[in-house]
Amino acid sequence: MRILGLDPGLQTTGFGVIDADGPRLAYVASGTIRTRDAARGDLPARLKIIFDGVREVVECYRPQCASVEIVFVNVNPQSTLLLGQARGAALAALLSRELQVAEHTALQMKKAVVGHGGARKEQVQQMVARLLSLPGLPGKDAADALGMAIAQAHAGASLAALAGATTLARRTHAQ
């Protein structure tokens with residue numbers, strides 16, 4: 001299964017594409033969508049760049065599903081709102097291509113990739129490079145996006161195993 005991971009941001013949105021075949025993971029592509037060409041105060045133009053960029057990545061790599069980082073609540077509510085809008089543009093682009101979208105927190109991604117939720121960005125970069133047998137470290141935004149795809153690959157396998165399990169019988173109690 002081909003999985004697209006996204007790490008949305010208003011200035012830089014990271015993307016990572018992997019192929020997952022059971023426990024085997026293979027790197028396909030990664031990079032960033034940057035909005036610096038738009039004027040700093042032109043929010044609609046920045047959101048369009050994100051939307052168009054995500055659609056282009058989907059067209060190019062043809063993933064079967066996507067995994068997007070859930071926005072955390074920041075100390076600065078304005079920053080959280082802007083990040084949420086960038087995330088919304090990315091989600092809208094994915095849904096316009098009729099992709100299934102899973103959502104994971106940064107904590108879940110770090111646990112799936114590094115093994116603990118308090119991992120630093122450098123640790124995520126190193127583990128992503130190791131898990132995907134990359135010749136060097138990916139950029140921080142691309143590493144987070146690849147981490148989102150890896151988290152979905154692990155979660156997807158677990159969910160498929162659960163789906164294959166027998167249905168639970170309802171308990172009946174003596175009355």
Roughly how far apart are [X] [atom1] and [Y] [atom2], rounded to 0.5 Å?
{"X": "Q100", "Y": "S67", "atom1": "CD", "atom2": "OG", "answer": "12.0 Å"}
{"X": "F15", "Y": "E56", "atom1": "CZ", "atom2": "CD", "answer": "8.5 Å"}
{"X": "D144", "Y": "T12", "atom1": "CG", "atom2": "OG1", "answer": "11.5 Å"}
{"X": "D141", "Y": "I33", "atom1": "CG", "atom2": "CD1", "answer": "10.5 Å"}
{"X": "R2", "Y": "R62", "atom1": "CZ", "atom2": "CZ", "answer": "11.0 Å"}
{"X": "T13", "Y": "I50", "atom1": "OG1", "atom2": "CD1", "answer": "4.0 Å"}

Considering all heavy atoms, the nearest [X]-[Y] contact:
{"X": "E103", "Y": "I70", "result": "CB-CG1, 3.5 Å"}
{"X": "C65", "Y": "L99", "result": "N-CD2, 4.0 Å"}
{"X": "R55", "Y": "S96", "result": "NH1-OG, 2.6 Å"}
{"X": "A143", "Y": "P138", "result": "CB-CG, 3.7 Å"}
{"X": "G139", "Y": "Q125", "result": "C-NE2, 3.7 Å"}
{"X": "K111", "Y": "G117", "result": "CG-N, 3.6 Å"}

Chi angles and distances behind the side chain to side chain contact (heavy atoms under 4.5 Å, CB included) call for L47, Q85: CA-CA 7 Å; L47 296 177; Q85 291 181 66; 4.1 Å; yes

So that I can tick it off, tell me whether [Y] and [X] are bridged by a salt bridge, with the cut-off set at under 4.0 angstrom between side-chain N and carboxylate O.
{"X": "E59", "Y": "R97", "result": "yes"}
{"X": "R24", "Y": "D21", "result": "yes"}
{"X": "K48", "Y": "D52", "result": "yes"}

Cluster companions of L107 among Ile, Leu, Val, Met, Phe, Trp, Tyr (side-chain spacing under 4.5 Å): none

Please tell me whether [X] and [Y] are part of a single hydrophobic cluster in this structure, the criterion being side-chain heavy atoms less than 4.5 Å apart.
{"X": "I49", "Y": "V58", "value": "yes"}
{"X": "V68", "Y": "M109", "value": "no"}
{"X": "L91", "Y": "L6", "value": "yes"}
{"X": "L4", "Y": "V28", "value": "yes"}
{"X": "L131", "Y": "M148", "value": "yes"}

Decide yes or no for [X] and [Y]: does some side-chain heavy atom of the first lie under 4.5 Å from some side-chain heavy atom of the second?
{"X": "L83", "Y": "L10", "value": "no"}
{"X": "R46", "Y": "D42", "value": "no"}
{"X": "K110", "Y": "V124", "value": "yes"}
{"X": "L95", "Y": "V101", "value": "yes"}

For N76, all residues meeting side chain to side chain contact (heavy atoms under 4.5 Å, CB included), sequence neighbours excluded: Q78, S79

L132: partners by side chain to side chain contact (heavy atoms under 4.5 Å, CB included), with sequence neighbours left out: I18, L25, Y27, V128, L134, L146, I150

Candidate pair H104 and E69, rule side-chain hydrogen bond (donor to acceptor under 3.5 Å, both in side chains), full reasoning: CA-CA 5 Å; H104 302 283; E69 186 174 328; over 6 Å; no

More than 12 heavy atoms of other groups within 6.0 Å of E122 CD: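 Counting other residues, nucleotides and ligands, CD of E122 exceeds 12 neighbours.
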
Audit row: H116, Q123, side chain to side chain contact (heavy atoms under 4.5 Å, CB included) steps and yes/no: CA-CA 10 Å; H116 64 90; Q123 290 173 302; 4.1 Å; yes

